[in-house]
Amino acid sequence: MKLDEAQLQQFDDDGFIFVPDLFTAEEVAVLKGEIPGIFAQRRPEVIREKTGDVVRTAFATHTYNDVYRRFISHPRILEPAQQLLGGEVYIHQFKLNGKAAFDGDVWQWHQDYGVWQRDDDMPEPRAMNLAVFLDPVTEFNGPLYIVPKSHKAGVLEAGHDVETTSYPLWTLDQQTVANLVEKGGIAAPKGPPGSGFFFHGTLVHGSPPNMSPWNRLIVYVTYNRTDNAIRRFQRPEYIAHRDFTPLSVLPNDCLLT
Ligand code: SIN
Ligand code: MN
């Protein structure tokens, strides 16, 4: 699937594109059907919240689950990523973020590229995220908050937060966020399962805790250009991948066959 000129322009101007109906109900059912088996596993890739025995993030599922191995090369997400980044791409990171009912914890304000640069020595912000909602995302269940246009601010000063949640993150200070929000406001992409959301590596984002009785499962794929591969291997391989092989696009029905 190719993005049109207006979508490319929006990514450039605002730092994100929201695509309703990116995946069908049938495809979402295939993706969700794998989740109980994945979330039941006790393995280092599957990180639980500080409170509650629920999954915060399951990393690198595409390396051991065949449905998600096909998903990352689906033409409706891989082709736009190649287009937006202007070249061949590999997977830098893959995660299923559970944001479980009642226990799903906060993600503090941050830029993903701020983490990839500081922790993984990724040379340039030529990497981006694709998010696909696997549950309905509403105002109640901890939607992603983004600051439109903040990707244009470049890499911002950040502090290493190893306390707040079960996963360390380079987070932004309140004044920096307030200044950016004054210019760009805050948006919270919401929609039914199957909705897709592409966003720039330097877009400022975070999400509030989920105090609702509804789960908010989102799958995130981070694509990076093969000529922008990371140079520091301090984080586990399942968090920052070292396989820089370019991905090839699979057929449109690859989740259903
Ligand atoms: C992230 O920023 O990496 C995750 C945020 C979320 O899933 O709410
Ligand atoms: Mn993030």
Side-chain angles (χ1 to χ4, degrees), residues 15-16 18 31 35 38-39 45-50 52 54-61 81 91-120 122 125 127-148 150-151 153 155-156 158-162 164-172 176-177 180 186-191 193 195-212 214-224 235 238-241:
F16 69 94
F18 183 76
L31 293 166
I35 298 300
I38 294 164
F39 281 14
E45 292 93 332
V46 180
I47 294 174
R48 288 178 158 74
E49 297 283 8
K50 266 184 168 173
V54 290
V55 173
R56 177 171 178 80
T57 298
F59 283 105
T61 317
I91 300 292
H92 173 60
Q93 189 173 80
F94 175 102
K95 51 191 190 279
L96 284 155
N97 279 1
K99 198 53 98 84
F102 298 114
D103 282 307
D105 208 352
V106 65
W107 288 84
Q108 303 279 16
W109 289 108
H110 67 281
Q111 295 174 301
D112 281 3
Y113 180 69
V115 179
W116 306 329
Q117 184 192 57
R118 290 176 179 96
D119 285 347
D120 309 326
M122 185 185 286
M128 51 157 286
N129 287 311
L130 165 273
V132 175
F133 302 171
L134 298 182
D135 283 323
V137 176
T138 70
E139 63 269 50
F140 303 115
N141 62 354
L144 205 61
Y145 288 175
I146 58 167
V147 182
S150 57
H151 65 304
V155 181
L156 300 158
H160 205 204
D161 178 2
V162 293
T164 310
T165 70
S166 58
Y167 181 69
L169 203 61
W170 288 90
T171 59
L172 305 174
T176 302
V177 175
L180 290 166
I186 298 179
K190 295 180 282 258
S195 307
F197 178 62
F198 297 88
F199 63 106
H200 196 282
T202 54
L203 192 75
V204 172
H205 62 282
S207 63
N210 182 5
M211 62 192 289
S212 85
W214 302 297
N215 293 328
R216 190 230 65 179
L217 175 63
I218 300 180
V219 54
Y220 293 90
V221 184
T222 302
Y223 294 103
N224 185 24
R235 298 202 291 173
Y238 60 83
I239 293 181
H241 293 295

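As the structure lists them, so they are numbered: ligands from 1, and atoms in each ligand from 1.
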**Request:** Locate the shortest heavy-atom distance separating Gly142 from Arg216; write the atom from each residue and the value.
**Result:** O-NH1, 2.8 Å

**Item:** Check: His110/Asp161 side-chain N/O donor and acceptor closer than 3.5 Å
**Value:** no

**Message:** Which residue and atom name correspond to the protein heavy atom nearest atom 4 (C) of ligand 1, and how close is it?
**Reply:** Asn97 ND2, 3.1 Å

**Asked** For Asp112, what is the atom name of its N, O or S atom nearest to the Mn ion (ligand 2)?
**Response** OD1

**Complete:** The reported gap from CD1 in Ile239 to CG in Asp119 (rounded to nearest 0.5 angstrom) is 9.0 Å

**Prompt:** Less than 6.0 Å separating the ring centroids of Phe16 and Phe18?
**Reply:** no

**Prompt:** CG of Leu172 to CD of Gln111: how many Å apart, nearest 0.5 Å?
**Reply:** 5.5 Å

**Complete:** protein heavy-atom neighbour closest to atom 3 (O) of ligand 1 works out as Lys95 CE, 3.3 Å

**Item:** Inter-residue atom distance Ile218.CD1 - Lys95.NZ, 0.5 Å rounding
**Value:** 10.5 Å

**Message:** For the OH atom of Tyr167 and the CG atom of Asp105, what is their distance to the nearest 0.5 Å?
**Reply:** 14.5 Å

**Request:** Any atoms of ligand 1 less than 4.0 Å from a non-hydrogen atom of Leu144? List them with their elements.
**Result:** 5 (C), 6 (C), 8 (O)

**Request:** State the atoms of ligand 1, each with its element, that fall below the 4.0 Å cut-off from a heavy-atom position in Arg216.
**Result:** 6 (C), 7 (O), 8 (O)

**Prompt:** How far is atom 6 (C) of ligand 1 from its nearest protein heavy atom, and which residue and atom is that?
**Reply:** Tyr220 OH, 3.2 Å

**Asked** His110 to ligand 1: N or O pair under 3.5 Å?
**Response** yes

**Item:** Region of Gln93 engaging ligand 1 - heavy atom pairs below 4.0 Å
**Value:** neither

**Prompt:** What do you reckon, does Asp112 have a nitrogen or oxygen under 3.5 Å from a nitrogen or oxygen of ligand 1?
**Reply:** no

**Message:** Which residue and atom name correspond to the protein heavy atom nearest atom 8 (O) of ligand 1, and how close is it?
**Reply:** Ser207 OG, 2.6 Å

**Complete:** Taking the Mn ion (ligand 2) as the apex, NE2 on His205 and NE2 on His110 give an angle, to 10°, of 90°

**Item:** Close approach of Ile218 to ligand 1, heavy atoms, under 4.0 angstrom
**Value:** no

**Item:** Any donor-acceptor N or O pair under 3.5 Å, side chains Asp112, Asn129
**Value:** yes

